[in-house]
Structure formats: C-alpha cells, structure tokens
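The next block holds one structure in the form of structure tokens; read it before the comments.
Here the structure is a predicted model, which is why all the values come from computation and not from measurement. The analysis underlying the following values was restricted to heavy atoms, covering all of them including side chains, and did not include hydrogens, waters or symmetry mates.
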Amino acid sequence: MSVNIKPLEDRIVVKPLEAEQTTASGLVIPDTAKEKPQEGEVVAVGPGRFAENGTDRVPVDVAVGDKVIYSKYGGTEVKYSGSEFLILSARDVLAIVS
C-alpha cells in the first residue's frame with residue numbers, strides 16, 4: 001500500500017488491522033464493545049531522529065510492510081483519502097510480528 005504521507009523524524013504511519021468480529025466460540029461482537037486494535041501494518045517510515053551530535057540520524061527499527069504491535073493509547077489517529085491511519089513514534093512500537 002502506497003501512501004502520500006511522509007512522517008517526520010522517528011515517526012511511522014500504521015494502517016490498523018481490523019478488530020475481531022466474533023469470539024472463539026462464535027459470538028458476534030457489536031461495534032460498541034470492540035477493543036481498539038493494537039496491531040497494524042507499517043505503510044510509511046520517517047528518516048529517524050537526530051542523534052545528540054545534531055548531524056547524524058538514528059535509524060528507525062521498523063520498515064514499510066512490517067506488521068507491528070503498538071501501545072494501546074499511543075499515536076494520533078488521522079483520516080486521509082478515506083482511510084484511517086495512526087501516526088506514532090517508533091518508541092510506541094512494542095514488537096514486530098513475523
């Protein structure tokens with residue numbers, strides 16, 4: 001997926017994955033009871049923040065296409081071109097799912 005959003009410094013743009021519609025036993029979960037998803041796919045990555053020396057950049061640990069788990073209340077939700085995205089700091093990423 002290509003997005004025309006270019007994050008700054010160590011921020012990344014994530015497309016949240018859809019929350020489960022049913023439970024393991026087959027019960028349908030209504031929209032009002034769904035939890036906020038914590039997993040998504042990285043669609044854009046910033047160049048990294050500047051190191052303390054002010055000239056070198058610290059690279060970001062994730063790449064476009066990685067599936068990640070991020071903190072529940074981290075980031076900022078944005079709507080762009082009819083899709084919902086989450087812009088968050090690379091520090092809010094907890095793990096990469098393989």
Side-chain angles (χ1 to χ4, degrees):
M1 168 182 267
S2 175
V3 176
N4 291 333
I5 301 173
K6 183 179 177 186
L8 302 175
E9 293 197 349
D10 67 340
R11 290 181 182 82
I12 63 173
V13 179
V14 174
K15 174 78 173 154
L17 297 178
E18 293 295 320
E20 291 291 324
Q21 300 288 336
T22 58
T23 64
S25 61
L27 297 174
V28 176
I29 301 171
D31 288 339
T32 56
K34 287 182 188 173
E35 285 194 31
K36 187 175 173 182
Q38 287 181 259
E39 190 173 345
E41 181 178 351
V42 178
V43 294
V45 178
R49 63 180 170 79
F50 282 104
E52 290 187 26
N53 65 14
T55 58
D56 296 328
R57 291 223 184 233
V58 177
V60 181
D61 293 334
V62 296
V64 173
D66 286 348
K67 290 200 183 331
V68 296
I69 297 173
Y70 49 87
S71 59
K72 193 167 197 166
Y73 300 107
T76 302
E77 295 176 351
V78 295
K79 285 188 179 184
Y80 182 77
S81 296
S83 297
E84 291 188 19
F85 297 99
L86 185 68
I87 299 176
L88 48 94
S89 173
R91 292 182 207 107
D92 290 333
V93 174
L94 305 174
I96 298 174
V97 180
S98 55

* Asked: Do L94 and L88 sit in the same hydrophobic cluster, where Ile, Leu, Val, Met, Phe, Trp and Tyr count as joined when their side-chain heavy atoms come under 4.5 Å apart?
  -> no
* To the nearest 0.5 Å, how far apart are CG in N4 and NZ in K6? -> 12.0 Å
* Structure fact -> Here the pair of heavy atoms bringing T55 nearest to N53 is N-OD1, 2.9 Å
* Any side-chain heavy-atom pair from F85 and E77 closer than 4.5 angstrom? -> no
* Gap separating the NZ atom of K15 from the CD atom of E41, nearest 0.5 angstrom -> 10.0 Å
* If every non-hydrogen atom of P16 is compared with every non-hydrogen atom of E84, which pair is closest and at what distance? -> CD-O, 3.7 Å
* Asked: How about S71 and D92: do any of their side-chain heavy atoms sit closer than 4.5 Å?
  -> yes
* List the atom of F50, the atom of E9, and the distance in Å for their closest heavy-atom pair. => CD1-OE2, 4.5 Å
* By salt bridge (charged side-chain N to carboxylate O under 4.0 Å, His left out) - contacts of D10 (at least two apart) -> R91
Atom pairs and distances, side-chain donor-acceptor, residues 59-67, under 3.5 Å, sequence neighbours left out:
residue: D66; atom: OD2; partner: A63; partner atom: N; Å: 2.9

* Structure fact -> Between A44 and P7, the two heavy atoms sitting closest are CB-CD, 3.8 Å
* Determine, using the 4.5 Å side-chain heavy-atom cutoff (strictly less than), whether I69 and V13 are members of one ILVMFWY cluster. => no
* Atom pair CD1 (I87) and CD1 (I12), whose distance is rounded to the nearest 0.5 Å -> 10.5 Å
